K.L.:
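First, the structure itself, so that you have it in front of you.
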Amino acid sequence: MAKKIKSITGMNDILFDDMMYWHKLERVCHDVFARYGFSEIRTPLLEETGLFQRGIGEGSQVVQKEMYTFEDKGGDSVTLRPEGTASVVRAFVQHAMHAQESIRKLYYMGSMFRYERPQKGRLRQFHQIGAETLGVDSPLADAEVVIMMDRIWQELGLQNYELQINSIGTFDERQQYLQELKKYFEPHLSSLAEDDQKRFDSNTLRLLDSKDEKCIELAKGAPMILDHLTDQSRDEFETFKKMLNDAGVKFVVNPKIVRGLDYYEKTAFEFVSSALGSQSAFAGGGRYNRLVQELGGPEIPAVGFAMGCERVVMLMQDLPKGEQQLSGVFVAAMSETSFLAGRQLLQALRDGGLVAEMGYESKSLKAQMRRANKLGCQFVVILGDDEVQNKTASLKDFSDGSQTEVSQEQLVAEIKKRS
Ligand code: HAM
């Protein structure tokens, strides 16, 4: 037998059993984004390497260690996108979107690539859904994005998560703070892990969210950026918090949220869940007021977020079965003779706009019920010889356990009413 070929480490197939979660997640996001005035944008998977070097920052771990960068046949250095924001901003500038409208709200869904050490919830090809508001520098826009995210989790029925927020100040405010932070860590430099010693020079802020015990302990006494904000940044952070409170979005202020990409300033946030283990952040984002300019555009501020779909799907799968939404119809036939009538009824249900399924050969009712359950169907339409004769069907609704006799003519309307 020929040797089997497996998918590349950290790059997974998404199979049918999981697909219903992915579809639901995408559907809810398309819906919610539309309500908040975001339109979809699709950008290429491959970009010029310089986009991410300039956009995400040479000092970030992503650019230093995790990019899939290679030379194409023409000798140009290209990179599989490790995130979506830089590409969206590149497209925004390339198509001069600001010239047509002063505020642009864009969202995207798709694969991202980071050469990280794979573990639970951490992949080399993963998927993000994200959104960006370009053209407004206001805590109201920051809050709008975070509230929208929270509403998405609500529609998905997610539980046990926490929103952590911080303000990491403007670039100018941060320069002064970084001096202080360096002064604080410098005497302990030799006792830090090698990675943290490197961070000291390249990305000092990240010492605050180091995973190394020694550094975590030290970071507890480090000066806090929140104490180094100007009045304006502090006021903006207060407004942001008030907006969240007014919308009933719970949060905690975590001064250690610094984010891994270099483009952030002022508002930074992450949604975390302890159910995910060590890779606990399932979404994150913040304000980035310089990126458009850094990528050759005018001075245009922006804010946005991205969620890690694999991690959100893990949270959806963890929900108790009762919390998961049932949908669709399964047609079950009780006899050989009702089987063919069942296939006809199946066609009528599909033509009526319903998601409906049935087996391809006559099987026991028990086996058919098992399949309906596996598919997560809300309804089973049961058809026996009597029902075929009377042009009726028995409609079982799993959302309330009821079973009613319905005429075949009324079936589509009745199911739609109950869905
Ligand atoms: P990020 O925090 O690097 O931000 O990624 C966002 C989310 O993607 C993370 O919270 C995590 O759930 C998921 N994620 C990241 N890396 C992996 C991985 N290797 N495997 C699985 N999931 C992963 C960004 O990418 C920013 N572009 C977000 C943003 C948009 N900021 C402003 N606008």
Side-chain angles (χ1 to χ4, degrees), residues 8-12 14 25 33 38 41 43 47 51-52 55-57 60-63 65-68 80-90 92 104-134 141-142 144-146 148-149 152-153 158 161-166 168 203 206 209 257-273 275-292 295 301-316:
I8 291 171
T9 307
M11 302 199 178
N12 292 348
I14 302 168
L25 173 60
F33 289 148
F38 286 78
I41 177 168
T43 62
E47 298 271 6
L51 170 64
F52 304 113
I56 301 175
S60 67
Q61 175 144 330
V62 171
V63 170
K65 293 194 188 155
E66 297 169 359
M67 295 209 301
Y68 278 89
L80 279 168
R81 62 180 185 193
E83 58 108 51
T85 309
S87 303
V88 169
V89 172
R90 196 252 324 122
F92 177 84
R104 276 280 170 193
K105 298 194 203 178
L106 302 169
Y107 77 90
Y108 53 90
M109 302 183 169
S111 301
M112 307 292 159
F113 302 84
R114 294 185 193 176
Y115 194 82
E116 295 196 75
R117 199 166 43 79
Q119 62 178 81
K120 184 172 172 242
R122 191 163 69 190
L123 294 152
R124 289 182 173 168
Q125 175 175 355
F126 61 100
H127 297 77
Q128 284 188 345
I129 297 179
E132 320 285 350
T133 301
L134 297 121
D142 304 6
E144 183 179 66
V145 162
V146 175
M148 178 172 74
M149 295 165 81
I152 292 174
W153 318 141
L158 300 194
Y161 62 84
E162 186 173 78
L163 165 62
Q164 303 188 343
I165 61 168
N166 192 19
I168 57 171
N203 206 340
R206 290 233 76 183
D209 76 345
I257 297 287
V258 295
R259 308 284 301 131
L261 315 167
D262 285 359
Y263 47 62
Y264 293 106
E265 52 183 336
K266 301 203 263 194
T267 312
F269 51 82
E270 266 170 20
F271 280 89
V272 297
S273 171
L276 292 170
S278 67
Q279 301 304 308
S280 60
F282 61 94
R287 175 155 287 285
Y288 52 97
N289 284 353
R290 297 203 172 189
L291 187 57
V292 179
L295 294 178
V303 63
F305 84 94
M307 70 177 84
C309 298
E310 281 78 2
R311 296 183 193 176
V312 175
V313 165
M314 279 161 73
L315 293 176
M316 291 168 77

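Side-chain atoms are counted along with the backbone in the values below, which use heavy atoms only and exclude waters and symmetry mates. Just so you know, these numbers come straight off a predicted model, no measurement behind them. Whatever order the structure lists them in is the order used to number ligands and atoms, beginning at 1.
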K.L.:
Just to verify, what does R290 make a salt bridge (Lys or Arg N to Asp or Glu O under 4.0 Å) with, not counting sequence neighbours?
P.N.:
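D172.
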K.L.:
Quick check: does any side chain N or O of D142 sit under 3.5 Å from a backbone N or O of R287, one acting as donor and the other as acceptor?
P.N.:
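Side chain of D142 to backbone of R287, a donor-acceptor pair under 3.5 Å: no, none is there.
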K.L.:
Going through the distances and angles, do K120 and E310 end up as a salt bridge (charged side-chain N to carboxylate O under 4.0 Å, His left out)?
P.N.:
CA-CA 10 Å; K120 184 172 172 242; E310 281 78 2; over 6 Å; no
K.L.:
Atom OH of Y288 and atom CD of E265: how far apart are they, to the nearest 0.5 Å?
P.N.:
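The OH atom of Y288 sits 12.0 Å away from the CD atom of E265.
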K.L.:
Counting heavy atoms only, which of K120, R117, R311, Q119 comes nearest to atom 11 (C) of ligand 1?
P.N.:
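Among K120, R117, R311, Q119, the closest heavy atom to atom 11 (C) of ligand 1 belongs to R311.
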K.L.:
For ligand 1 and F305, I'd like to know whether there is a polar contact (N/O to N/O, distance under 3.5 Å).
P.N.:
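Looking only at distances, the answer is yes, because the N/O contact criterion of under 3.5 Å is met.
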K.L.:
Using a 4.0 Å heavy-atom cut-off, which part of L261 comes near ligand 1: side chain, backbone, both, or neither?
P.N.:
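Under 4.0 Å from ligand 1, L261 contributes side-chain atoms alone.
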K.L.:
Which heavy atom of the protein is the closest neighbour of atom 31 (N) of ligand 1, given with residue, atom name and distance?
P.N.:
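Going by distance alone, atom 31 (N) of ligand 1 is nearest to Y264 OH, 2.6 Å.
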K.L.:
Would you mind telling me if ligand 1 is within reach of the side chain of P82, the backbone, both or neither, using heavy atoms under 4.0 Å?
P.N.:
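The answer is neither; P82 stays 4.0 Å or more away.
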K.L.:
Is any N or O atom of G84, backbone or side chain, closer than 3.5 Å to an N or O atom of ligand 1?
P.N.:
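No; every N/O pair is 3.5 Å or more apart.
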K.L.:
Can an N or O of E310 be found at a distance shorter than 3.5 Å from an N or O of ligand 1?
P.N.:
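Between E310 and ligand 1, no N or O pair is found under 3.5 Å apart.
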K.L.:
Is the contact between F126 and ligand 1 made by the side chain, the backbone, both, or neither, using heavy atoms and a 4.0 Å cut-off?
P.N.:
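Near ligand 1, F126 shows its side chain, while the N, CA, C and O stay back.
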K.L.:
Whether K105 and E132 form a salt bridge (side-chain N of Lys/Arg under 4.0 Å from carboxylate O of Asp/Glu) is what I want to check.
P.N.:
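Not counted as a salt bridge, because no side-chain N and carboxylate O are separated by less than 4.0 Å.
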K.L.:
Using a plain distance cutoff, I'd like to know if Y108 has any nitrogen or oxygen under 3.5 Å from a nitrogen or oxygen of ligand 1.
P.N.:
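No, no N or O pair falls under 3.5 Å.
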K.L.:
Angle between ring planes, Y161 versus W153, binned at 30° and 60°: parallel, tilted or perpendicular?
P.N.:
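Y161 vs W153 ring planes: perpendicular.
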K.L.:
Once rounded to the nearest 0.5 Å, what's the spacing between atom CG of L163 and atom CZ of F271?
P.N.:
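L163 atom CG to F271 atom CZ measures 4.0 Å (nearest 0.5 Å).
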K.L.:
Quick one: look at E270 and ligand 1, take heavy-atom pairs under 4.0 Å, and tell me if it's side chain, backbone, both or neither.
P.N.:
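Answer for E270: neither.
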K.L.:
If I apply the N/O under 3.5 Å rule, does Q128 come out as touching ligand 1?
P.N.:
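For ligand 1, there is an N or O atom that lies under 3.5 Å from one belonging to Q128.
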K.L.:
For atom 12 (O) of ligand 1, which protein heavy atom lies nearest, and how many Å away is it?
P.N.:
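Scanning the protein heavy atoms, the shortest distance from atom 12 (O) of ligand 1 goes to A281 O, 2.9 Å.
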K.L.:
What residue and atom, counting heavy atoms only, is the protein's closest point to atom 27 (N) of ligand 1, and at what distance?
P.N.:
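That would be E83 OE1, 2.5 Å.
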K.L.:
Are there more than 12 heavy atoms of other residues, nucleotides or ligands under 6.0 Å from atom OH of Y115?
P.N.:
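At most 12 heavy atoms, drawn from other residues, nucleotides or ligands, come within 6.0 Å of this atom.
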K.L.:
Students should be able to answer this: which protein heavy-atom is nearest to atom 33 (N) of ligand 1, and at what distance?
P.N.:
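The protein heavy atom lying closest is E132 OE1, 2.8 Å.
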K.L.:
Using a 4.0 Å heavy-atom cut-off, which part of E116 comes near ligand 1: side chain, backbone, both, or neither?
P.N.:
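Just the side chain.
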K.L.:
Using a 4.0 Å heavy-atom threshold (strictly under), name the region of F269 that reaches ligand 1: side chain, backbone, both or neither.
P.N.:
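For F269, there is no contact with ligand 1 at all, from either part.
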